[in-house]
Amino acid sequence: MLEPCSAEDSSFEADCIVADLLGCTNSALRLYSEKEIETATAEKAMDFAQRRLLHEPLQYILGKWEFYGREFYVGEGVLIPRPETELLIDSAISELKGKTQPVCYDLCSGSGCIGITVSKEIPDSRVFMLEKSEKAFGFLEKNVAHNGAANCKPVIGDIFEESPFEEKADIILSNPPYICSDVIPTLQPEVHKEPQMALDGGENGLVFYERIAKGWIKALKPDGIIAVEIGDEQGESVSALFRKSFSDVRVIKDFSGNDRVVVAKNIFNCRNWSI
Ligand code: GLN
């Protein structure tokens, strides 16, 4: 039934809907008979399917989605966590290995999936999170509580203004809006249901990276690191931008072989510090 809006994943999406209504996992569905499934879910499942056919993202219909093995509330007004973003978490964990009580920033936090996950994976970290949209911030606060992320501090604010955080960062993480403004109208209808401000990276798609590279370097500790998610065609442009102020810049590819994360280290700054 969902084929018109989800050709490849229609049976997966249908399973997600039914499993959600039954309160079980997708794999546990095989334990139910067809009759049981039909009576328990018929009306509600049809309602969900109708919404899906109008291109509402599955994640908004379910109201939650998984990221790095944890559950995050999502809905209109907040970007849906994507599996590619898990690579940014892996990069942060590997960069912070051996540091005690690292301070981490998550800029443009959205649902909070990045900051919350890092705070759970590195339990002695302290994570400062910045989000501009009040709607997204509502989800962010709920997700901090839902995941028991006591070491996270969410703050409402704009990355184009001065840092509101009182401590300098060992690592700044961000998955900022990075789609070129003129590409946005060409995206699939589901993406249009997500907040434009979480997607639109300005005319060249680079506005947020420019701000982070120039404006946030001073919020880093001397040996601090910046790691950002990028669009699959932005490896060169974003690394060139970071090379202007950072000495060690690397592009990391995701599981599909696309450029996905840029890591920039502040080595010059570090040397100056130790002199
Ligand atoms: N940090 C959030 C995420 O990765 C939101 C990103 C954004 O709003 N661009 O899902």
Check whether any side-chain heavy atom of [X] lies under 4.5 Å from a side-chain heavy atom of [Y], and answer yes or no.
X: Thr117; Y: Lys120; result: no
X: Ile80; Y: Pro57; result: yes
X: Phe12; Y: Asn26; result: yes
X: Glu71; Y: His146; result: yes
X: Val103; Y: Lys168; result: no
X: Asp20; Y: Phe48; result: yes
X: Leu206; Y: Ser237; result: yes
X: Glu131; Y: Pro154; result: no

Verdict with supporting geometry, Lys64 and Gln59, side-chain contact (heavy atoms from CB on, under 4.5 Å):
CA-CA 6 Å; Lys64 52 191 188 304; Gln59 295 86 340; over 6 Å; no

Atom [atom1] in [X], atom [atom2] in [Y]: separation rounded to 0.5 Å?
X: Arg250; Y: Ser239; atom1: CZ; atom2: OG; answer: 12.0 Å
X: Leu62; Y: Leu58; atom1: CG; atom2: CG; answer: 4.5 Å
X: Asp170; Y: Ser125; atom1: CG; atom2: OG; answer: 10.0 Å
X: Leu220; Y: Ser163; atom1: CG; atom2: OG; answer: 10.0 Å
X: Ser245; Y: Ile212; atom1: OG; atom2: CD1; answer: 12.0 Å
X: Lys214; Y: Glu210; atom1: NZ; atom2: CD; answer: 5.5 Å

Selection residues 233-247 - residue pairs positive for salt bridge (Lys or Arg N to Asp or Glu O under 4.0 Å), sequence neighbours left out:
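Residue pairs with at least one partner in residues 233-247: there are none.
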
Show me the pairs that pass salt bridge (Lys or Arg N to Asp or Glu O under 4.0 Å) and involve residues 135-144, at least two apart or across chains.
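For residues 135-144, and leaving out neighbouring residues, the salt bridge (Lys or Arg N to Asp or Glu O under 4.0 Å) pairs sorted by first residue read Glu76-Lys135.
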
Among residues at least two apart in sequence or on other chains, which ones pass salt bridge (charged side-chain N to carboxylate O under 4.0 Å, His left out) with [X]?
X: Asp200; result: none
X: Glu84; result: none
X: Asp90; result: none

Identify the two heavy atoms, one from [X] and one from [Y], that lie closest to each other, and give their separation to 0.1 Å.
X: Ser119; Y: Cys152; answer: OG-SG, 3.4 Å
X: Pro195; Y: Tyr60; answer: CD-OH, 3.6 Å
X: Tyr32; Y: Cys24; answer: CE1-SG, 3.9 Å
X: Gly205; Y: Cys180; answer: N-SG, 3.8 Å
X: Phe246; Y: Ala213; answer: CE1-O, 4.4 Å
X: Pro123; Y: Asn151; answer: O-ND2, 3.3 Å

Under a single-linkage rule joining Ile, Leu, Val, Met, Phe, Trp and Tyr whose side-chain heavy atoms are separated by less than 4.5 Å, which residues share a cluster with Met129?
Phe67, Tyr68, Phe72, Leu87, Leu88, Ile89, Ile93, Leu96, Ile114, Ile116, Val118, Ile122, Val127, Phe137, Leu140, Val144, Ile156, Ile171, Leu173, Ile225, Ile252, Val261, Val263

Keeping [X] on the side-chain end and [Y] on the backbone end, is there a donor-acceptor pair under 3.5 Å?
X: Ser181; Y: Gly202; answer: yes
X: Asp9; Y: Glu13; answer: no
X: Ser256; Y: Asn258; answer: no
X: Trp216; Y: Ile159; answer: yes
X: Arg211; Y: Glu161; answer: yes

May I ask you to decide whether Glu229 forms a salt bridge with Arg82, counting only side-chain N to carboxylate O separations under 4.0 Å?
no

Is any side-chain N of the basic residue among Glu56 and Lys193 closer than 4.0 Å to the acidic one's carboxylate O?
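No, Glu56 and Lys193 are not salt-bridged.
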
I'd like to check the side-chain hydrogen bond (donor to acceptor under 3.5 Å, both in side chains) partners of Arg126; sequence neighbours left out, ordered by chain and number.
Glu167

The criterion is side-chain hydrogen bond (donor to acceptor under 3.5 Å, both in side chains); which residues satisfy it with Asp259, sequence neighbours excluded?
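Asp259 satisfies side-chain hydrogen bond (donor to acceptor under 3.5 Å, both in side chains) with Lys253 only.
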
Tell me, with the steps shown, if Phe242 and Val228 meet side-chain contact (heavy atoms from CB on, under 4.5 Å).
CA-CA 11 Å; Phe242 278 100; Val228 290; 4.0 Å; yes

Please output the side-chain donor-acceptor pairs of residues 182-189 that fall under 3.5 Å, not counting sequence neighbours, one pair per line with the distance.
{"unit_1": "Thr186", "atom_1": "OG1", "unit_2": "Val183", "atom_2": "O", "d": "2.5"}
{"unit_1": "Gln188", "atom_1": "NE2", "unit_2": "Glu190", "atom_2": "OE1", "d": "3.3"}

Got a sec: does the CD of Glu134 have more than 12 other heavy atoms crowding it under 6.0 Å?
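Counting other residues, nucleotides and ligands, CD of Glu134 stays at 12 neighbours or fewer.
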
So Val155 and Phe165, side-chain contact (heavy atoms from CB on, under 4.5 Å) or not? Walk me through it.
CA-CA 9 Å; Val155 172; Phe165 306 133; 3.8 Å; yes

How would you list all residue pairs meeting side chain to side chain donor-acceptor pair (under 3.5 Å) that involve residues 96-108, not counting sequence neighbours?
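Non-adjacent pairs meeting side chain to side chain donor-acceptor pair (under 3.5 Å): Lys99-Asp223, Asp106-Ser109.
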
Glu86 vs Arg260, salt bridge (Lys or Arg N to Asp or Glu O under 4.0 Å): CA-CA, chis, key distance, verdict
CA-CA 10 Å; Glu86 296 189 342; Arg260 187 59 60 201; over 6 Å; no

Can you list the residues that meet the side chain to side chain contact (heavy atoms under 4.5 Å, CB included) rule with Phe139, with sequence neighbours excluded?
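Residues passing side chain to side chain contact (heavy atoms under 4.5 Å, CB included) with Phe139: Tyr73, Val78, Asn143.
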
So which pairs with a foot in residues 187-209 pass ring pair (Phe, Tyr, Trp, His ring centres under 6.0 Å), sequence neighbours left out?
Phe160-Phe208

Kindly indicate, with the supporting measurements, whether the criterion side-chain contact (heavy atoms from CB on, under 4.5 Å) is fulfilled by Leu53 and Gln50.
CA-CA 5 Å; Leu53 286 169; Gln50 296 297 349; 4.2 Å; yes

